[in-house]
Asker: 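The structure that follows is given in the form of structure tokens.
Chain letters run A, B, ... following the sequence lines, proteins first and then strands; every chain starts at 1.
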Amino acid sequence: MNIHHWTGADRRFRVFASPASWIEGASVAQLRLLAGRRGFLSAAAMADLHPGHKGPVGCAIETEGVIHPDLVGTDIGCGMALFALDIEQRQLHIDKAFKALHGLHEAVDAGDRAHQAAIAPDYAPGMGTVGGGNHFVELQVLDDRADEAACDAHGLRRGALFLLVHTGSRSLGPEVLERHGVGERGLDLQSPEGIAYLADHDRAVAFAAANRKLLAETAASLVRGNARLITDQPHNFVEPRPGGRVLHRKGAAPADRGLSPLPGSRGAQSHLLLPEAGPGEALASLPHGAGRKRDRAGMSDRAKDGDRPPRANPLGNRIICADRRMAAEEAPDAYKNIARVLADVEEAGLARSIARFRPIVTFKTAEARGR
DNA sequence: ATGTGC
């Protein structure tokens, strides 16, 4: 099988992608630069690998006792949470749901603050907001059950509605990174600085998960339903591992915490992954989505030049995105083919899909801001 | 990514 490329003779970098997957050269170059980081042991990149601001996105990086906050980045705790609704697709009035979801942020503001405080004791500005970039709240329907028994075990019924929430710690993550320094030297895991970063980091991770929960519960109420958590997996975080090691995940979901959503939002289906044992070189990690194939600036320029005619979404879902620049930057064709990413995951034995979901309504922002 | 930069 011609997958699992090593990118160096020293075998400290492995890309879990087949030749059929588009991997930008710049992202592999960023990956290899990680070798110069203090304490670097190895890195595992997934098929959604793409270049990022400070380093590659779509990879896991293990060090010998050194935390690199700048590799985790600003959106500490960003992740994907999947919730089942107690509503069937045939019971849904799509036009009503589309209209109601426009008021998601207002509904959070109007919500019961005591309830919010119970969900998120560390209430902070930004709680209950989706944010920008590739963040979203998406109403989906389960349209294929690849593993009937696994779906039954988790109460995942065909034709039932779900909410997939992608957001993070909002202003808290950037604040934590700023407070603890962004130098490339990193922090020693056992040092007071390392311990202090981890404590603030863990709060941001918890805040982000609470944010996803609050958004899902509010969105559920807007469509007259209740949300039940299926799984919540962060993909920007760091964790101590046995033997004094430190595992960073930058746009990579954990493969050792149960079911993991693989989003293909807006123009593509999403999947629910059941992790498999997989090779140790994968650093217990999975892709966190399709991954960008075009950067944001390029997408924005194309839209301004007017050479990209608006395209209907292949799956016909409705999108709430009043910010035109965001809509251009996050257009479905800015992303890789999710089916190809899934194929790489399954061929490498990292995980398999147990269910597939089709988008119905995607909420990004109801506020017009972009050019 | 960011209670959004030049």
Side-chain angles (χ1 to χ4, degrees), chain A residues 27 30 48-59 61 68-81 104-106 108-109 113 116 120 122-137 165-182 197 200-201 203-212 214-215 233-238 248-253 263 265-266 287-292 294-301 303-304 321-331 334-335 362-371:
Chain A
S27 61
Q30 284 186 333
D48 57 339
L49 185 72
H50 63 89
H53 183 59
K54 296 278 289 190
V57 180
C59 61
I61 305 135
H68 289 287
D70 65 326
L71 294 183
V72 176
T74 53
D75 201 0
I76 302 165
C78 186
M80 295 280 173
L104 181 56
H105 286 158
E106 289 77 4
V108 169
D109 286 341
R113 290 282 171 183
Q116 292 178 21
D122 287 337
Y123 185 85
M127 173 58 73
T129 61
V130 176
N134 54 2
H135 291 173
F136 59 80
V137 173
V165 181
H166 178 204
T167 188
S169 51
R170 308 295 285 113
S171 61
L172 192 55
E175 191 185 297
V176 169
L177 182 62
E178 172 88 9
R179 189 183 314 147
H180 293 274
V182 294
Y197 170 78
D200 280 351
H201 161 282
R203 267 194 291 275
V205 169
F207 179 93
N211 189 24
R212 292 186 283 272
L214 177 56
L215 282 164
Q233 302 288 1
H235 52 233
N236 283 344
F237 69 109
V238 64
H248 306 69
R249 290 195 182 84
K250 177 58 173 177
S265 68
R266 299 183 51 183
H288 75 315
R292 295 196 79 92
R294 297 178 185 278
D295 64 25
R296 291 193 170 99
M299 294 302 293
S300 191
D301 289 347
K304 267 185 284 184
C321 186
D323 180 335
R324 291 184 62 188
R325 184 165 67 165
M326 184 194 290
E329 289 175 349
E330 301 301 324
Y335 287 85
T362 309
F363 176 93
K364 291 188 68 65
T365 179
E367 286 175 61
R369 299 186 77 178
R371 312 176 253 221

Asker: I need the CG-P distance between Asp70(A) and dT2(B), as an integer number of Å.
Answerer: 19 Å
Asker: Ion pair present between Arg292(A) and Glu330(A), side-chain N to carboxylate O less than 4.0 angstrom?
Answerer: yes
Asker: By salt bridge (Lys or Arg N to Asp or Glu O under 4.0 Å), which residues pair with Arg212(A), not counting sequence neighbours?
Answerer: Asp232(A)
Asker: What's His135(A) touching, base or sugar-phosphate or nothing? Going by heavy atoms closer than 4.0 Å.
Answerer: sugar-phosphate
Asker: What is the distance, rounded to the nearest whole Å, between atom CZ of Arg249(A) and atom C1' of dA1(B)?
Answerer: 20 Å
Asker: Can you check the Glu178(A) CD to dT2(B) P distance for me, whole Å?
Answerer: 16 Å
Asker: Are side-chain heavy atoms of Val238(A) and Tyr197(A) found at a separation under 4.5 Å?
Answerer: yes
Asker: Would you name the heavy atoms of His201(A) and Ile76(A) that are closest together and state the gap between them?
Answerer: CD2-CG2, 3.4 Å
Asker: Can you tell me the distance, in whole Å, between the CG atom of Asn211(A) and the P atom of dA1(B)?
Answerer: 14 Å
Asker: With the side chain of Ser171(A) defined as its heavy atoms from C-beta on, choose the nearest nucleotide among dG3(B), dG5(B), dA1(B).
Answerer: dG3(B)
Asker: Is Gly131(A) touching bases, backbone alone, or none of the nucleic acid, heavy atoms closer than 4.0 Å?
Answerer: sugar-phosphate
Asker: In this structure, how many angstroms lie between the P atom of dA1(B) and the NE2 atom of His288(A), rounded?
Answerer: 8 Å
Asker: Touch check for Gly73(A), heavy atoms < 4.0 angstrom, all strands: base, sugar-phosphate only, or nothing?
Answerer: nothing
Asker: Taking CG from Leu177(A) and P from dA1(B), how many angstroms apart are they, rounded to a whole number?
Answerer: 15 Å
Asker: What is the distance from CZ of Phe207(A) to C1' of dA1(B), rounded to the nearest Å?
Answerer: 14 Å
Asker: At under 4.0 Å, does any side-chain N or O of Asn134(A) touch on OP1 or OP2 of dA1(B)?
Answerer: yes
Asker: When the distance from CD of Glu175(A) to C1' of dA1(B) is rounded to whole Å, what number comes out?
Answerer: 14 Å
Asker: Has Arg296(A) got a side-chain N or O lying under 4.0 Å from the OP1 or OP2 atom of dA1(B)?
Answerer: yes
Asker: Before accepting this row, confirm whether a basic side-chain N of the pair Arg179(A)/Asp200(A) lies closer than 4.0 Å to the acidic partner's carboxylate O.
Answerer: yes
Asker: According to a strict under-4.0 Å criterion, is Arg170(A) in side-chain N/O contact with OP1 or OP2 of dT2(B)?
Answerer: yes
Asker: Just call it for Gly173(A): base, sugar-phosphate, or nothing, with non-hydrogen atoms closer than 4.0 Å on any strand.
Answerer: nothing
